[in-house]
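None of these values were measured; they are calculated from a predicted model. Order of listing sets the numbers, starting from 1, for every ligand and every atom in it. All residue numbers refer to positions in the sequence shown, counting from 1.
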Amino acid sequence: MPEIPGRYHYSAVMMGTRVELQLAAHQPDLARQVFHRIKQMEDLLTVNRPDSALMSVNRAAGSHPVVVPPQVFALLWRAREVSFSGGCFNLAIGPLVRRWKIGFSGDSVPPAADIAELLPLTDPHAIRMDPQAGSVFLTRPGMSVDAGAIAKGYMADQICDFLQEQAVDHALINLGGNIRAISPPGSDGWSVGLQVPFAGPEALLGSIRLSQGSVVTSGVYERYFVHQGIHYHHILDPRSGYPLDNDLLSVTVISPYSIDGEIYSTQLYGMGLEKGCEWLATQTDIEAIFVTRDGHLICPSQRQFRFQTTYSKYPGLSSL
Ligand code: ADP
Ligand code: MG
């Protein structure tokens, strides 16, 4: 009997979210190794604990460069390059993220004067990186880097590399909604649900079917708080210092690698629907599905996946 792909599920709660691994065979030792590797990467990249490699960079802001492990350097280098593009993604957004605390206890709307004061500390050009030394220097006191928008995608790619080294040819890793899949060519592949915004994980707009690659969503419904009737979500606009305000509820990026999905879901969210669609038309490997505030679902291309909608099951979204 051929084994049913994806039949074996392993999961753990890590990084404040559920991490799920699906394998085609019963391999609990391999699953343990995967979760161990994720923990090791979290120990390097978290900004929620003082002892990570990233926090050692942040603690030395305005003082001195810090040598980081090569994989952390490579990730920060890429993230810094993207931050220079003038889009929404900004590696140096840390001071604002820490001030808002969105999704953590103590979140509040900061006084406008505080935001104005912190904005100059989010200039990515003030991150100095030395490839020879492998060091990172935040040149102004109070600066901090935040890998919250890319860490899970980076980890998903690293785990898939590891699984492929172990000759696993059918697997899916889901890091709290950041998904990367590997499958043999010609296989039926995987089905990944696209959530109805604000309706919880069970309510789906449809499913994305793909044999390999990554599915990453950035949405205003993932982490947020409501204050005096206003909804404040966790993707900040580096120009204003406030949560990004545009026509979108979520952007889902389908791409070969999850790190790109992470970067471009944030970038596309910042571009908004119209500019986002224009940009996507220039890309071959990056595709996206947009859900708009006025109830539309827009899927400009389907080269790497097939999207099947099931939204009619949810009367609240009948206008989609
Ligand atoms: P999630 O972790 O829920 O999948 P995202 O990948 O969209 O969410 O990343 C959101 C996180 O990224 C925020 O919680 C914060 O740590 C960080 N962040 C917020 N705004 C920006 C931004 N403009 N550029 C880069 N990172 C950001
Ligand atoms: Mg992201």
Side-chain angles (χ1 to χ4, degrees), residues 14-19 38 41-42 45-49 52 54-55 58 75-76 78-104 107 110 115 118-119 121-124 127 143-157 173-180 192 194-195 197-198 201 214-225 232-246 248-255 257-272 286 288 291:
M14 308 174 86
M15 301 175 289
T17 188
R18 180 160 291 280
V19 175
I38 293 170
M41 290 187 274
E42 184 193 5
L45 296 173
T46 184
V47 290
N48 299 322
R49 284 203 321 262
S52 68
L54 224 53
M55 282 308 287
N58 290 342
L75 180 66
L76 294 181
R78 170 94 199 272
R80 188 183 66 143
E81 292 288 303
V82 177
S83 306
F84 293 157
S85 71
C88 173
F89 184 94
N90 182 359
L91 173 65
I93 199 85
L96 286 167
V97 173
R98 284 193 305 186
R99 183 64 185 84
W100 279 93
K101 292 201 183 82
I102 297 174
F104 294 89
D107 47 15
I115 291 180
L118 292 173
L119 275 171
L121 297 178
T122 62
D123 178 2
I127 306 173
M143 282 182 74
S144 62
V145 285
D146 183 316
I150 47 170
K152 290 193 224 122
Y154 167 78
M155 292 178 190
D157 289 341
I173 180 89
N174 177 357
L175 291 129
N178 278 256
I179 288 156
R180 170 100 191 263
V192 176
L194 178 63
Q195 281 181 38
F198 299 108
S214 157
V215 180
V216 170
T217 300
S218 274
V220 304
Y221 55 90
E222 288 168 330
R223 273 188 277 145
Y224 65 92
F225 69 96
Y232 295 92
H233 64 84
H234 71 154
I235 306 166
L236 301 176
D237 182 343
R239 285 150 293 207
S240 68
Y242 285 82
L244 241 156
D245 185 17
N246 65 15
L248 298 174
L249 286 181
S250 72
V251 180
T252 298
V253 170
I254 298 92
S255 54
Y257 296 100
S258 213
I259 185 68
D260 298 314
E262 285 269 54
I263 287 170
Y264 293 111
S265 60
T266 302
Q267 291 283 68
L268 282 163
Y269 190 70
M271 289 181 212
I286 314 286
V291 178

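- Proximity to Lys152 (heavy-atom distance under 4.0 Å) selects the following atoms of ligand 1: 1 (P), 2 (O), 4 (O).
- For ligand 1 and Glu262, the ligand atoms under 4.0 Å from any heavy atom of the residue are 6 (O).
- Ranking the protein heavy atoms by distance from atom 9 (O) of ligand 1 puts Ala149 CA, 3.2 Å first.
- Which parts of ligand 1 touch Arg223 is read off a 4.0 Å heavy-atom cut-off, strictly below it: atoms 2 (O), 3 (O), 14 (O).
- At the top of the distance list for atom 7 (O) of ligand 1, counting protein heavy atoms only, stands Ser218 OG, 2.9 Å.
- If you check the side chains of Thr217 and Gln195, you find no donor sitting under 3.5 Å from an acceptor.
- For Val216, every N, O or S atom stays at 2.8 Å or more from the Mg ion (ligand 2).
- In this structure, Asn90 contributes its side chain and Thr122 its backbone to a donor-acceptor pair below 3.5 Å.
- Relative to atom 1 (P) of ligand 1, the option among Met15, His234, Arg98 with the closest non-hydrogen atom is His234.
- The shell of residues lying under 4.0 angstrom from ligand 1, judged by heavy atoms, includes Cys88.
- For the pair Ser52 (side chain) and Thr46 (backbone), a donor-acceptor distance under 3.5 Å is present.
- Applying the 6.0 Å contact sphere to OH of Tyr257 captures no more than 12 heavy atoms from other residues, nucleotides or ligands.
- Of all the N, O or S atoms in Glu262, the one closest to the Mg ion (ligand 2) is OE1.
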Would Glu262 and Asn178 count as a side chain to side chain contact (heavy atoms under 4.5 Å, CB included) here? Give the steps. CA-CA 8 Å; Glu262 285 269 54; Asn178 278 256; 3.0 Å; yes
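- Between the side chain of Asp157 and the backbone N or O of Ile259 there is at least one donor-acceptor pair closer than 3.5 Å.
- Ranking protein heavy atoms by distance to atom 15 (C) of ligand 1, first place goes to Val97 CG2, 3.8 Å.
- The closest donor-acceptor contact from the side chain of Tyr269 to the backbone of Leu248 lies under 3.5 Å.
- Looking at Trp100, its side chain never comes within 3.5 Å of a backbone N or O of Tyr242 through a donor-acceptor pair.
- Checking only distances, Asn90 does come within under 3.5 Å of ligand 1, N or O to N or O.
- Per-residue contacts place Leu236 under 4.0 angstrom from the following atoms of ligand 1 (heavy atoms of the residue considered): 19 (C), 20 (N), 22 (C), 23 (N).
- In this structure, CD1 in Ile150 is found 9.0 Å from OG1 in Thr266, a value given to the nearest 0.5 Å.
- Of the protein's heavy atoms, Ile93 CG2, 3.9 Å lies nearest to atom 21 (C) of ligand 1.
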